[in-house]
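These notes are about the structure you will find just below.
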Amino acid sequence: MKDIMIMNVKKIAFGAAVVFFTNFAVAQTLQDGINSVDSDKFAQAKNNFTQMIAKEPTAENYFYLGNTYLRQAEPDFAAATENFNKGLGVDSKSYLNKIGLAAVKLGKGDKSAVAEIQKIVTDSKEKDAEVLFRAAEALTLFEKNNAPDLAIQFLNKAVEKAQKKGVPANYYYTLGDAYRLKKLPGDAMTAYEKALPTAKNKASVFTRMGTLWMAAQQWKLAKENIDKAISADATYAPAYKALAAYDIRYQQNAKATQDLINYTKYADEDPYTQLEIAKLYFTNEDYANSKQVLDKIFDKINDPIKFKLRAYQLYADGKYAEAKQSMDTFVSQADKSRVQPADQGLQGLIAAGLAKDEKDPAKKSALTSEAQQKIAIAKAAKDETMKWDMELANIAGGATQGSVDAGPTTPEIEALKKKVAANAQDSDSLFKLATAYQDAKNWNGAILTWQKMIALLPDWAPAYYSQGYSYQQAGNNDAAKIAYEKFISTVKPAEIEANKQTLAYAYFAVAYMSKDSDVAKAKDYVAKSLQLDPAYEDAVKLNKEINK
């Protein structure tokens with residue numbers, strides 16, 4: 001990906017002017033580096049600070065390079081530590097590099113680093129606004145390991161000390177971030193508003209405002225501010241990342257894919273930024289793009305999180321043994337604090353996948369037990385990274401790409417597969433392919449194709465109904481129930497009349513499949529089926545049977 005030039009500088013014809021402008025363009029400044037970090041251009045920032053070190057190997061310049069490794073989406077603690085130590089080698093009293101090393105400890109989950117940072121600030125006698133600011137930044141960097149109260153205290157002092165020369169906008173940004181951590185959105189918004197007049201790039205402020213409104217679930221205001229950010233600077237990468245999060249929230253998968261393409265275009269080729277892009281593609285259920293990005297940078301990054309993402313991708317492909325190997329590598333190499341409930345849930349799903357084909361009864365039982373325990377951890381944490389019940393049902397039903405390829409096909413299916421491969425966003429071809437699979441009674445093919453349709457058009461209710469029908473025909477009643485219930489909940493009130501017959505059947509199907517396990521639910525659903533279609537014979541019979 002080539003860097004996008006934001007400004008085109010006119011060529012100057014005169015020799016002296018050319019020399020002057022050339023030197024001006026090459027000179028790297030602290031502000032350039034700060035702007036690059038803020039724009040998710042981490043490779044550019046690292047290059048910037050490396051050039052500054054080559055010119056002046058000061059303790060401060062080593063700090064700024066080390067801090068860049070902490071600011072990226074997945075911190076590189078080893079590279080950060082190396083640079084902070086080099087900075088201390090130049091000046092053993094460097095408060096900034098001492099803060100950097102304490103920040104590394106905090107990022108790894110060592111809470112004693114908070115007191116350490118406080119002592120460094122005390123030792124500095126609070127004379128330097130930048131030391132106060134960087135101490136506060138360190139206390140707000142990590143979602144699970146932070147100290148916002150102390151950060152706010154330091155930031156207010158930093159703002160006060162910087163008044164004479166003018167308060168840098170990033171002092172206010174970070175104050176807003178600290179208030180966010182304290183769940184004080186009003187104070188956070190006030191801090192961001194103070195940043196607006198001094199911010200050279202207003203997009204940076206509007207993006208923060210937009211994500212703050214998203215955190216408060218004020219979606220309209222979130223979208224308005226993200227739109228303002230893109231209007232202010234259409235090349236500001238984090239705005240597209242925020243927009244992708246917004247569109248993923250609304251299950252607008254095609255839009256989110258376009259947002260991520262824009263984010264990729266305006267961020268840079270730094271491997272850790274690309275890793276973040278791969279993760280976002282995966283969240284958007286765009287597994288092909290996720291794999292493509294990860295494959296490109298897998299050998300360029302040392303962070304064990306790459307094995308976790310690879311495990312998710314392998315699981316999505318039904319390659320359970322390989323997925324387990326990748327997940328085991330992640331768990332063995334990563335700090336324990338980085339293993340999330342969702343990761344345990346994934347381990348549970350992988351165990352369920354392995355149990356399905358395990359012939360040894362003792363091993364099968366152990367894997368099944370592990371699956372239940374680990375998925376229970378994810379569900380207890382109310383984690384929604386995966387649709388746990390539907391994933392389990394899919395594993396039980398065996399709807400994998402391998403089972404689709406082994407099933408019946410037709411010339412029509414093969415022609416449509418080529419169309420979909422050429423354009424994954426072609427909803428018309430996806431619909432026809434799913435229907436062709438149903439006509440050929442390749443139910444696994446229909447299930448997976450309806451799933452792609454759902455990813456593309458999550459608000460289109462008929463796809464859930466058709467998927468439920470395909471699951472039912474494949475003998476996977478657990479998954480059929482989930483799909484039918486999703487159909488019922490997705491039909492909008494204005495569409496009920498037009499969908500009366502299919503709704504009546506969906507309610508009946510769920511009632512019928514629940515009659516032996518949940519009689520109360522079966523009675524409720526069959527009653528709803530009959531409300532929609534009182535003459536529906538199967539529902540009338542079931543109603544009599546369960547209400548004897």
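The basis for the numbers below is simple: all heavy atoms, side chains too, and nothing from hydrogens, waters or symmetry mates.
Legend: residues meeting ring-ring contact (aromatic ring centres under 6.0 Å, His included) with Phe282, ordered by chain and number and at least two apart, are Tyr287, Tyr312. Under the rule for a ring-ring contact (aromatic ring centres under 6.0 Å, His included), the partners of Phe487 that lie at least two apart in sequence or sit in another chain are Tyr465. Looking at residues two or more places apart in sequence or on another chain, you find a ring-ring contact (aromatic ring centres under 6.0 Å, His included) between Tyr469 and Trp443. Here Tyr192 pairs with nothing under the ring-ring contact (aromatic ring centres under 6.0 Å, His included) rule; sequence neighbours left out.
In this structure a side-chain-to-backbone donor-acceptor pair under 3.5 Å is missing from Asn499 to Thr502. The backbone N or O of Ile413 lies less than 3.5 Å from a partner atom in the side chain of Thr410, making a donor-acceptor pair. Of the possible donor and acceptor atoms, none in the side chain of Gln72 sits under 3.5 Å from a partner among the backbone N and O of Val37. Side chain of Lys202 to backbone of Leu196: a donor-acceptor contact under 3.5 angstrom is found. No side-chain donor-acceptor contact under 3.5 Å links Tyr484 to the backbone of Leu503. The backbone N or O of Ala43 lies less than 3.5 Å from a partner atom in the side chain of Asp268, making a donor-acceptor pair. Of the possible polar contacts, one joining the Ser489 side chain to the Lys486 backbone as a donor-acceptor pair under 3.5 Å is found. A distance-only check finds no donor-acceptor pair linking the side chain of Asp383 to the backbone of Lys379 [under 3.5 Å].
Under 4.0 Å is where a charged nitrogen must lie from a carboxylate oxygen, and between Glu414 and Lys419 no such pair does. With respect to the salt-bridge test (charged N to carboxylate O, under 4.0 angstrom), the residues Arg310 and Asp295 qualify. A salt bridge links Glu370 with Lys374; the closest basic N to acidic carboxylate O contact falls under 4.0 Å. A salt bridge does not link Asp360 with Lys364: none of the charged nitrogens is closer than 4.0 Å to a carboxylate oxygen. Taking the charged nitrogens against the carboxylate oxygens, Glu224 and Lys220 do have a contact shorter than 4.0 Å, which makes a salt bridge. Between Asp533 and Lys500, none of the side-chain N atoms (NZ, or NE/NH1/NH2) sits under 4.0 Å from a carboxylate O, so this pair counts as no salt bridge. Contact check on Glu412 versus Lys432 returns no salt bridge, with no Lys/Arg side-chain nitrogen under 4.0 Å from an Asp/Glu carboxylate oxygen.
For the pair Thr449/Leu430, a side-chain contact is recorded, criterion being any heavy-atom separation below 4.5 Å from C-beta on. Between Leu260 and Thr257 the shortest side-chain heavy-atom distance does not fall below 4.5 Å. With a 4.5 Å cut-off on side-chain heavy atoms, Asp227 and Phe206 do not count as touching. Contact check for Tyr437 versus Leu448: no side-chain heavy atoms found under the 4.5 Å cut-off. Residues Leu532 and Ile496 meet the side-chain proximity criterion, which asks for heavy atoms closer than 4.5 Å. Taking 4.5 Å as the limit, some side-chain heavy atom of Val404 sits within range of a side-chain heavy atom of Asn442.
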### CA sep, side-chain torsions, deciding dist, call: Glu485, Lys521, salt bridge (charged side-chain N to carboxylate O under 4.0 Å, His left out)
CA-CA 12 Å; Glu485 293 207 66; Lys521 184 174 190 173; 2.6 Å; yes
### Task
Mind running side chain to side chain contact (heavy atoms under 4.5 Å, CB included) on Met327 and Phe307 for me, showing each step along the way?
CA-CA 6 Å; Met327 204 61 194; Phe307 294 106; over 6 Å; no
### Task
Tell me, with the steps shown, if Glu276 and Lys241 meet salt bridge (charged side-chain N to carboxylate O under 4.0 Å, His left out).
CA-CA 10 Å; Glu276 181 69 3; Lys241 185 177 172 183; 3.2 Å; yes
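Between Asp233 and Ala203 the shortest heavy-atom distance is CB-CB, 3.7 Å.
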Please tabulate, for side-chain N and O atoms in residues 450-457, each donor-acceptor pair with protein atoms closer than 3.5 Å (sequence neighbours left out).
from	atom 1	to	atom 2	distance (Å)
Trp450	NE1	Gln438	OE1	2.8
Gln451	OE1	Gln467	NE2	2.9

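Geometrically, Arg208 engages Tyr173 in a cation-pi contact, judged by NZ or CZ lying under 6.0 Å from the ring centre and within 45° of the ring axis. Geometrically, Lys296 does not engage Phe298 in a cation-pi contact, judged by NZ or CZ lying under 6.0 Å from the ring centre and within 45° of the ring axis.
Note that the CG atom of Leu243 and the CG atom of Asp259 stand 4.0 Å from one another [nearest 0.5 Å]. Rounded to the nearest 0.5 Å, atoms CG (Leu367) and CD (Glu358) are 6.0 Å apart.
Annotation: Lys279, atom NZ; neighbour count of heavy atoms from other residues, nucleotides and ligands within 6.0 Å is above 12. Other residues, nucleotides and ligands place more than 12 heavy atoms under 6.0 Å from the CD atom of Gln218.
The ring pair (Phe, Tyr, Trp, His ring centres under 6.0 Å) contacts involving residues 523-548 comprise Tyr507-Tyr525, Phe508-Tyr536, where partners must be two or more places apart or lie in separate chains.
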